[in-house]
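Take a look at the structure set out below.
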Amino acid sequence: MKLSKKKMTIIVTAVIVVALIAVMFILYFATDMFKTPKQLFFKYLGKEMDFDGYEQVLKGLETDKNKSYVSNANLKVNVESIDNEEIYDTINKMELNLEQSVNAKENKECDKLNLKYDNNDFAGLEFVQNEDLYALKSEYLNGDNYVAIENKDLKNFLRKMEVNDDIIENFPDQITKLDLYELLYIDKKDQKEIVKTYKKFIDENISNDKFKVNNKVDITINGENKKATQYILTLNEKEVANIAINFMNTLKQDDTTLDLIVDKYNKCMENTISGISMYQTKSQLSSYGLSSEDEEKTLTKEKLKEDIDKIVKEIEDERENSKEDLNINISLYKINGKICTIEMTKEEESIKIDEYEKDDRNYIEMSVSHNEYSRGKKQETKVEDKVVVDYTMKKQNDETNLEGNIKVLEDSEEQENFKFNINQKGKMYNGNNETNIEISSTIEENTIKINLNSKKEYKDVDIITLSDNKDNIK
């Protein structure tokens with residue numbers, strides 16, 4: 001099977017992006033010692049990448065993993081539609097409340113879910129977990145009694161319950177929670193090893209003459225003409241194919257990254273919900289020529305290497321049709337010491353990201369331009385699709401407010417408009433905090449509004465011990 005042009009472009013773009021990101025950890029701290037266009041290109045690209053957020057997320061996940069807390073959340077949805085269907089009125093009268101208690105030290109959790117309709121209790125469900133013992137209770141189903149099951153030999157339990165065989169096949173024998181901290185954590189030593197590997201890859205596969213610096217280049221941002229310094233990387237189609245092949249072969253020999261991919265993938269597969277989802281996705285991979293004949297849930301390094309070999313073969317086949325006179329350009333534009341635009345162009349196609357400020361608001365515009373055949377004009381015309389994000393963020397003491405809009409435009413015509421307002425009070429992962437989120441989406445004359453309010457307090461929590469309540473367990 002041969003990759004289509006579209007798939008080839010996706011693979012090529014992914015290879016370049018991964019290769020660039022791999023060196024950001026080092027180049028972020030670059031100084032003026034960088035003089036060549038190649039070094040300047042990566043220096044300013046590195047400054048656009050902020051990896052502090054990764055460390056903050058990890059710190060927060062680790063806190064949630066090791067601290068006990070109580071949280072309450074309330075969700076409301078409101079639909080405004082010109083159709084006036086009865087279902088919308090029903091949705092507007094519904095309200096969902098979730099109370100969650102977590103005792104990290106004793107590995108216990110209690111979740112109470114309550115659904116209201118027209119301000120009256122409609123349905124309730126309580127879930128309790130004590131290590132490997134799980135229990136459910138609902139006054140509408142089993143009164144004050146819990147229905148409990150031990151977290152083992154679940155396939156056999158489902159067979160006794162006469163559950164469909166297809167569901168049993170995809171269901172694990174034991175439920176494993178997805179530990180987001182373990183999933184996202186990458187050891188510092190591994191980070192340095194990966195950076196070293198792919199920095200060397202870039203040095204060996206992208207020569208200095210592929211980079212150039214142009215001063216006082218004309219650029220248009222939000223309709224305004226400006227002068228900018230351009231840092232540009234130029235590669236032709238065949239060069240990109242060669243880089244993609246060399247990248248995949250480098251990856252194949254990179255045990256550190258392969259081990260990480262295998263480990264993170266299998267962690268997802270072990271989780272009940274994500275595992276079933278990924279298993280079903282994996283069963284469809286044969287349409288892309290990737291190994292899935294045995295449809296096993298566990299990925300091994302050997303299987304991963306086999307898939308890499310198949311991808312390399314596909315790129316090699318496609319390389320025969322690539323052109324040496326067709327260039328792909330990646331440009332960074334700098335104004336007043338800051339990158340304002342990142343752009344990738346290929347013939348008449350381009351992907352562009354602009355960042356600017358206007359009237360005390362921050363803007364990020366992502367646009368894709370391409371030629372499209374117009375039946376009316378009986379010729380190709382240039383079409384530009386955009387996603388425009390504008391926002392403001394205000395911080396005062398322990399309160400942060402983020403407000404903004406996201407507009408989706410197809411050839412200058414607005415298709416969707418999202419509005420959001422997020423208010424955060426208190427310190428995350430420490431003491432008490434409160435979050436209020438308002439989101440609305442408008443498509444044509446239909447609007448959906450979502451309101452989510454949550455409170456969280458880190459403190460010691462007492463949760464029912466199921467083994468001490470055997471009389472209420474069935």
Side-chain angles (χ1 to χ4, degrees), residues 11 13-34 36 38-67 104-105 107 176-206 233 243-271 274-275 278 282 297-309 311-312 428-430:
I11 290 175
T13 304
V15 168
I16 292 174
V17 170
V18 170
L20 295 179
I21 290 177
V23 298
M24 290 307 110
F25 291 95
I26 287 179
L27 296 179
Y28 184 84
F29 299 101
T31 66
D32 287 339
M33 64 182 288
F34 291 101
T36 68
K38 179 177 181 179
Q39 291 165 330
L40 287 168
F41 180 91
F42 287 117
K43 173 183 177 180
Y44 286 104
L45 181 60
K47 285 187 176 181
E48 287 300 292
M49 307 294 182
D50 180 6
F51 291 96
D52 289 342
Y54 169 74
E55 297 295 338
Q56 292 174 2
V57 168
L58 280 182
K59 184 178 179 181
L61 291 173
E62 187 177 24
T63 300
D64 263 5
K65 179 180 177 180
N66 298 317
K67 277 191 174 184
K105 293 179 181 178
N107 191 14
T176 304
K177 287 186 177 180
L178 183 62
D179 190 324
L180 287 177
Y181 176 80
E182 292 294 332
L183 181 66
L184 297 178
Y185 175 79
I186 300 176
D187 186 79
K188 297 288 186 183
K189 181 180 177 182
D190 289 341
Q191 290 183 24
K192 290 180 180 179
E193 189 65 30
I194 293 170
V195 169
K196 179 181 177 182
T197 298
Y198 294 100
K199 182 178 184 300
K200 180 181 178 183
F201 169 84
I202 290 177
D203 289 340
E204 293 178 350
N205 287 272
I206 308 179
L233 164 62
I243 291 171
I245 291 168
N246 292 341
F247 177 84
M248 299 307 296
N249 286 329
T250 299
L251 176 61
K252 184 180 175 182
Q253 302 302 319
D254 176 11
D255 286 330
T256 299
T257 302
L258 291 180
D259 287 340
L260 274 172
I261 293 172
V262 170
D263 176 62
K264 304 305 183 184
Y265 178 89
N266 288 333
K267 274 185 169 61
C268 284
M269 296 301 292
E270 289 171 359
N271 174 257
S274 65
M278 292 179 68
K282 191 170 186 290
K297 290 188 179 183
T298 302
L299 178 66
T300 65
K301 193 186 296 187
E302 289 69 29
K303 288 180 185 176
L304 187 54
K305 288 183 176 181
E306 289 175 7
D307 285 343
I308 290 173
D309 286 337
I311 292 174
V312 169
M428 293 291 288
Y429 311 112
N430 185 21

Tightest non-hydrogen contact, residues V312 and N249, listed as CG2-OD1, 3.9 Å
d(Y185 OH, Q191 CD) to nearest 0.5 Å is 8.0 Å
By side chain to side chain donor-acceptor pair (under 3.5 Å), K301 pairs with (sequence neighbours left out) D255, D259
field: Side-chain donor/acceptor of K252 to backbone N/O of L304, under 3.5 Å
entry: no
Sequence neighbours excluded, the answer for side-chain contact (heavy atoms from CB on, under 4.5 Å) partners of K189 is D187
Interatomic distance, NZ@K105 vs NZ@K67, rounded to 0.5 Å, equals 11.0 Å
Residues passing the side-chain contact (heavy atoms from CB on, under 4.5 Å) test with L184, sequence neighbours excluded, are V57, L58, L61
Sequence neighbours excluded, the answer for side chain to side chain donor-acceptor pair (under 3.5 Å) partners of N246 is N205
Residues passing the side chain to side chain donor-acceptor pair (under 3.5 Å) test with E182, sequence neighbours excluded, are K65
Value for CD (E204) from NZ (K199), rounded to nearest 0.5 Å, stands at 10.5 Å
Test: D307 and K303 ion pair at under 4.0 Å: no
All heavy atoms of L178 vs all of K267, minimum pair found to be CD1-O, 3.7 Å
T197 and T256: CA distance, side-chain angles, deciding distance, side chain to side chain contact (heavy atoms under 4.5 Å, CB included) verdict
CA-CA 10 Å; T197 298; T256 299; over 6 Å; no
Minimal heavy-atom distance between F201 and I243, with the atoms involved, is CZ-O, 3.5 Å
CD1 of I261 to CG of N266, rounded to nearest 0.5 Å, is 11.5 Å
Problem set entry | Close side-chain approach of L251 to L258, heavy-atom, < 4.5 Å | yes
Separation between CD1 (I194) and NZ (K192), nearest 0.5 Å, reads 13.0 Å
The side chain to side chain donor-acceptor pair (under 3.5 Å) partners of D254 (sequence neighbours excluded) come to Y198, T257
